[in-house]
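Worksheet: the structure to be examined is printed underneath.
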Amino acid sequence: MVQEIKEKWFGAVELGFLGLVTPGVTDLHGLPSDEVARTFVAGSSVPHDVVVRTALGKVTFECVVSEDSHDLLCAKLRTLRGHMLPGLGWQWLKVPASHPGLRTLAHSLGFAVPIDSLPYSTAWVKFDWAVERLPWWEDENERTVTIAGLSGSVDNSGGLETPAVYTCTVTGALAGGLSFGVGSETWQYDGALEVNDVLVVQVSRPREVTLNGTRCFGNVNTGSDYPWLQPGTNTITKSSGDYTLAVTWRRRFP
């Protein structure tokens with residue numbers, strides 16, 4: 001027996017609170033397939049596949065909406081429709097009953113109820129609501145580890161690699177800049193830094209580097225890597241003890 005999912009957040013709205021009951025859902029835990037570029041070599045039936053990206057997932061909610069009268073039902077449906085339109089674009093989807101503390105980005109594929117064509121005696125409707133979602137779930141809340149010495153580690157206990165934000169707070173003047181390494185990858189800033197300068201490096205696309213809140217790519221070494229955190233323990237190294245490095249991330253799960 002499928003349990004009813006009572007809480008369903010799409011964007012900043014809890015659709016269950018607005019009267020959307022979901023007695024069933026499919027592919028909420030599904031693993032999207034890969035999109036591949038496939039080529040064949042003459043004489044061989046085994047294709048050469050190159051993974052282009054992980055495909056989007058599709059989740060379908062079995063929905064029921066009811067009220068005490070036809071007019072009240074239509075009013076409730078119009079309210080729900082306004083929060084489930086494809087034109088809203090990508091929104092955070094949260095389903096606490098099945099994925100507590102996690103979220104994923106999703107896009108509504110439409111609202112399938114012809115409200116103005118419902119018979120006047122109708123006080124309830126049943127329909128499917130489908131969304132496409134990114135192929136991962138991530139923590140709602142960020143995690144942060146601060147490294148003061150020359151080395152440390154970050155434990156990414158999610159099942160997937162994840163982007164991070166690296167915040168460097170200068171505690172002693174650094175005339176030659178600074179660098180930090182995550183595993184075998186190194187990011188380097190070649191400009192002079194003063195005490196209390198704050199350098200922030202965001203590695204997810206679009207990449208961003210700011211110095212005291214102002215965009216600052218000019219002194220970033222052109223050979224710099226923008227390291228993501230791999231699953232498991234990530235070794236972090238620093239070029240100097242004269243700055244602290246705060247690593248902020250959200251775990252990701254398939």
Side-chain angles (χ1 to χ4, degrees), residues 1-36 51-142 158-160 162-163 204-205 250-254:
M1 180 177 179
V2 179
Q3 284 189 328
E4 174 186 321
I5 299 175
K6 296 183 179 179
E7 256 188 287
K8 303 156 291 292
W9 290 85
F10 188 61
V13 178
E14 205 283 277
L15 299 178
F17 179 79
L18 297 179
L20 187 72
V21 179
T22 52
V25 61
T26 57
D27 292 332
L28 194 64
H29 296 272
L31 293 176
S33 61
D34 289 331
E35 294 182 5
V36 299
V51 176
V52 177
R53 65 181 65 85
T54 303
L56 295 174
K58 183 180 179 182
V59 179
T60 302
F61 293 92
E62 177 187 336
C63 301
V64 176
V65 180
S66 63
E67 257 299 351
D68 294 332
S69 70
H70 176 78
D71 289 343
L72 290 175
L73 172 66
C74 290
K76 182 179 286 185
L77 287 171
R78 290 190 179 96
T79 298
L80 284 166
R81 180 176 62 182
H83 296 293
M84 299 164 69
L85 294 172
L88 294 174
W90 290 90
Q91 303 286 327
W92 289 113
L93 173 68
K94 296 183 289 185
V95 188
S98 66
H99 290 73
L102 301 179
R103 65 182 189 176
T104 187
L105 274 173
H107 176 256
S108 175
L109 295 178
F111 185 80
V113 182
I115 299 174
D116 296 329
S117 301
L118 293 175
Y120 289 121
S121 60
T122 301
W124 69 276
V125 293
K126 182 179 178 180
F127 62 97
D128 288 338
W129 176 47
V131 301
E132 56 184 1
R133 70 170 181 87
L134 293 187
W136 42 257
W137 295 79
E138 71 174 21
D139 287 323
E140 284 187 63
N141 299 316
E142 295 177 331
L160 299 172
T162 184
S204 60
R205 296 185 182 275
R250 300 176 194 266
R251 296 176 304 169
R252 286 186 176 178
F253 303 87

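Side chains are part of it too, since the values below use all heavy atoms of this structure and drop only hydrogens, waters and symmetry mates.
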How far apart are the closest heavy atoms of [X] and [Y], and which atoms are they?
X      : Y      : answer
Pro254 : Leu160 : N-CD1, 3.8 Å
Val36  : Val52  : C-CG2, 4.1 Å
Arg252 : Pro163 : CZ-CD, 3.6 Å
Leu80  : Gly19  : CD1-C, 4.5 Å
Thr54  : Pro32  : CG2-O, 4.1 Å
Phe61  : Val95  : CZ-CG2, 4.3 Å

Does any pair with a residue in residues 68-77 pass side-chain hydrogen bond (donor to acceptor under 3.5 Å, both in side chains), and if so which ones, sequence neighbours excluded?
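As it turns out, the side-chain hydrogen bond (donor to acceptor under 3.5 Å, both in side chains) pairs with a partner in residues 68-77, which skip direct neighbours, are Glu67-Lys76.
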Main chain of [Y], side chain of [X]: is a donor-acceptor contact present, judged purely on distance under 3.5 Å?
X      : Y      : answer
Thr60  : Thr26  : no
Ser108 : Gly110 : yes
Arg250 : Asp139 : yes

Could you note down all residue pairs passing salt bridge (charged side-chain N to carboxylate O under 4.0 Å, His left out) where [range] supplies at least one of them, sequence neighbours left out?
range            : result
residues 111-137 : Glu62-Lys126, Arg78-Asp116
residues 10-36   : Glu35-Arg53
residues 88-114  : Lys94-Glu140, Arg103-Glu138

Give, for atom [atom1] of [X] and atom [atom2] of [Y], the distance between the pair rounded to the nearest 0.5 Å.
X      : Y      : atom1 : atom2 : result
Leu85  : His107 : CG    : NE2   : 10.0 Å
Met84  : Cys63  : CE    : SG    : 5.0 Å
Leu93  : Leu134 : CG    : CG    : 10.5 Å
Ile115 : Arg81  : CD1   : CZ    : 4.0 Å
Thr22  : Leu15  : OG1   : CG    : 9.0 Å
Trp124 : Leu77  : CH2   : CG    : 12.5 Å

With sequence neighbours excluded, tell me which residues meet ring-ring contact (aromatic ring centres under 6.0 Å, His included) with His99.
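For His99, the residues satisfying ring-ring contact (aromatic ring centres under 6.0 Å, His included) (neighbours in sequence not counted) are His29, Trp137.
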Excluding sequence neighbours, so at least two apart, what forms ring-ring contact (aromatic ring centres under 6.0 Å, His included) with Trp92?
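Here no residue qualifies.
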CZ/Phe127: more than 12 non-hydrogen atoms of other groups inside 6.0 Å:
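Enclosed: over 12 neighbouring heavy atoms sit under 6.0 Å from CZ of Phe127.
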Are side-chain heavy atoms of Leu109 and Lys58 found at a separation under 4.5 Å?
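Yes, side chains in contact.
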